[in-house]
Amino acid sequence: MPQSSTSPKPFLQNKYTCFNGSGSARTEQPIYTTRAHVFQIDPTTKKNWVPASKQAVTVSYFYDSTRNSYRIISVDGSKVIINSTITPNMTFTKTSQKFGQWADSRANTVFGLGFASEQQLAKFSEKFQEVKDAAKIARESQEKVETMSNHSQESGRETPSSNQASSLNGTDDEKIFHVGPEAAVLKTENERLKSAVEQRQGLLS
């Protein structure tokens with residue numbers, strides 16, 4: 001019996017790794033695992049619940065350290081019945097003492113979980129809120145990084161124009177370099193003219 005309680009975790013992890021195509025079980029790790037009956041809302045009526053599992057199955061929260069994201073994953077046999085990425089906009093609602101649900105707009109469905117006890121439901125709901133808050137922090141952090149990156153790109157675009165203006169107007173060193181020879185030429189010409197005038201005056205006298 002002890003083996004049955006521990007075996008679902010690596011089994012779920014391996015199955016999810018194959019489904020996700022990550023090639024490595026190290027990218028995503030389960031951070032909380034429980035068991036529940038899984039349901040999905042009827043896509044036609046949007047009212048009735050349709051069982052997604054024939055019995056209680058393992059339902060786990062996974063954390064992806066590479067993408068800094070959280071998912072709820074559940075596998076029944078070889079079929080993935082829940083693959084839901086948690087976002088800050090999601091809400092887990094307790095609809096009865098042992099049943100809760102949340103809507104996933106990406107999957108275009110509503111998932112429902114039936115637990116064996118109120119404690120299991122309460123713990124799952126508590127963990128959902130924790131993961132939701134973590135997802136919000138992760139999104140804000142990502143947006144901050146993107147904003148800083150955009151500012152950096154904008155300042156990078158401004159730099160060439162300032163360099164261009166500098167090259168057009170010439171730096172102080174460049175101005176000195178260009179003006180220097182002109183002044184020297186003028187000085188030489190003035191000396192020649194002065195010498196010619198003195199020679200002419202000498203001839204006249």
Enquirer: Given side chains that start at C-beta, do those of L113 and W102 come closer than 4.5 Å, heavy atoms only?
Expert: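 Yes - at least one pair of side-chain heavy atoms lies under 4.5 Å apart.
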Enquirer: Is there a side chain to side chain contact (heavy atoms under 4.5 Å, CB included) between W49 and V110? Walk through the geometry before answering.
Expert: CA-CA 9 Å; W49 289 107; V110 179; 3.7 Å; yes
Enquirer: Quick one: closest heavy-atom pair of A135 and Y70, and the distance?
Expert: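 So the minimum-distance heavy-atom pair works out to N-CE1, 4.2 Å.
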Enquirer: Strictly distance-based, threshold 3.5 Å: is any side-chain N or O of Y61 a donor or acceptor partner for the main-chain N or O of F128?
Expert: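 Confirmed, Y61 side chain pairs with F128 backbone.
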Enquirer: Start with the C-alpha distance between I73 and E28, add both sets of side-chain angles, then the distance that settles side chain to side chain contact (heavy atoms under 4.5 Å, CB included), and finish with yes or no.
Expert: CA-CA 11 Å; I73 304 294; E28 288 193 275; 5.9 Å; no
Enquirer: Do the non-hydrogen side-chain atoms of V131 and M90 ever get within less than 4.5 Å of each other?
Expert: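 Of all side-chain heavy-atom pairs linking M90 with V131, none is under 4.5 Å.
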Enquirer: With side chain to side chain contact (heavy atoms under 4.5 Å, CB included) as the test, would you mind laying out the steps for T33 and V59 before giving the verdict?
Expert: CA-CA 6 Å; T33 299; V59 180; over 6 Å; no
Enquirer: What heavy-atom pair brings Q120 and R35 nearest, and what distance separates the two atoms?
Expert: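 Minimum heavy-atom separation between Q120 and R35: OE1-O, 4.1 Å.
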Enquirer: Show your reasoning for whether side chain to side chain contact (heavy atoms under 4.5 Å, CB included) applies to L121 and K94.
Expert: CA-CA 8 Å; L121 172 60; K94 299 177 185 178; 4.2 Å; yes
Enquirer: Between the side chain of S74 and the main-chain N/O of I82, is any donor-acceptor distance below 3.5 Å?
Expert: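 Checking the backbone N and O of I82 against the side chain of S74, no donor-acceptor pair under 3.5 Å is found.
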Enquirer: Cluster partners of V50, using ILVMFWY side-chain heavy atoms under 4.5 angstrom, listed by chain and number?
Expert: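 When side chains under 4.5 Å apart are linked, V50 ends up in no cluster with other residues.
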Enquirer: For the pair T147 (side chain) and E143 (backbone), establish whether a donor and an acceptor sit closer than 3.5 Å, ignoring hydrogens and angles.
Expert: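 At least one qualifying donor-acceptor pair exists.
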Enquirer: So, the side chain of S60 versus the backbone of F62: is there a donor-acceptor pair under 3.5 Å, distance only?
Expert: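 Between the backbone of F62 and the side chain of S60 there is no qualifying donor-acceptor contact (under 3.5 Å).
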Enquirer: Counting distance only, does the side-chain N/O of Q29 pair as donor-acceptor with the main-chain N or O of S65 below 3.5 Å?
Expert: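 No, because the side chain of Q29 does not come within donor-acceptor range (under 3.5 Å) of the backbone of S65.
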Enquirer: Which atoms form the tightest heavy-atom contact between T85 and D104, and what is the distance?
Expert: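 Closest pair (atom of T85, atom of D104, distance): N-OD2, 4.0 Å.
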Enquirer: Might you point out which heavy atoms bring H37 and A56 nearest each other, and give the distance in Å?
Expert: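 Nearest pair, atom of H37 first, then A56: CE1-N, 3.3 Å.
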Enquirer: Would F124 end up clustered with Y63 when hydrophobic side chains under 4.5 Å apart are linked, directly or stepwise?
Expert: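 Yes; Y63 is reachable from F124 via cluster members.
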Enquirer: Which heavy atom in S84 sits nearest to a heavy atom in F111, and how many Å separate them?
Expert: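 For S84 versus F111, the nearest heavy atoms are CB-CE1, 4.0 Å.
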Enquirer: Considering residues at least two apart in sequence or located in another chain, which fulfil the side chain to side chain donor-acceptor pair (under 3.5 Å) criterion with D76?
Expert: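 Partners of D76 by the side chain to side chain donor-acceptor pair (under 3.5 Å) criterion come out as none, since no residue qualifies.
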Enquirer: Rounded to the nearest 0.5 Å, what separates atom CD1 in I41 from atom NZ in K46?
Expert: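 If I round to the nearest 0.5 Å, the distance is 8.0 Å.
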Enquirer: Name all residues meeting the side chain to side chain contact (heavy atoms under 4.5 Å, CB included) criterion together with Q129; count only those two or more places apart in sequence or in a different chain, and write none if there are none.
Expert: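 Q129 satisfies side chain to side chain contact (heavy atoms under 4.5 Å, CB included) with K132, D133 only.
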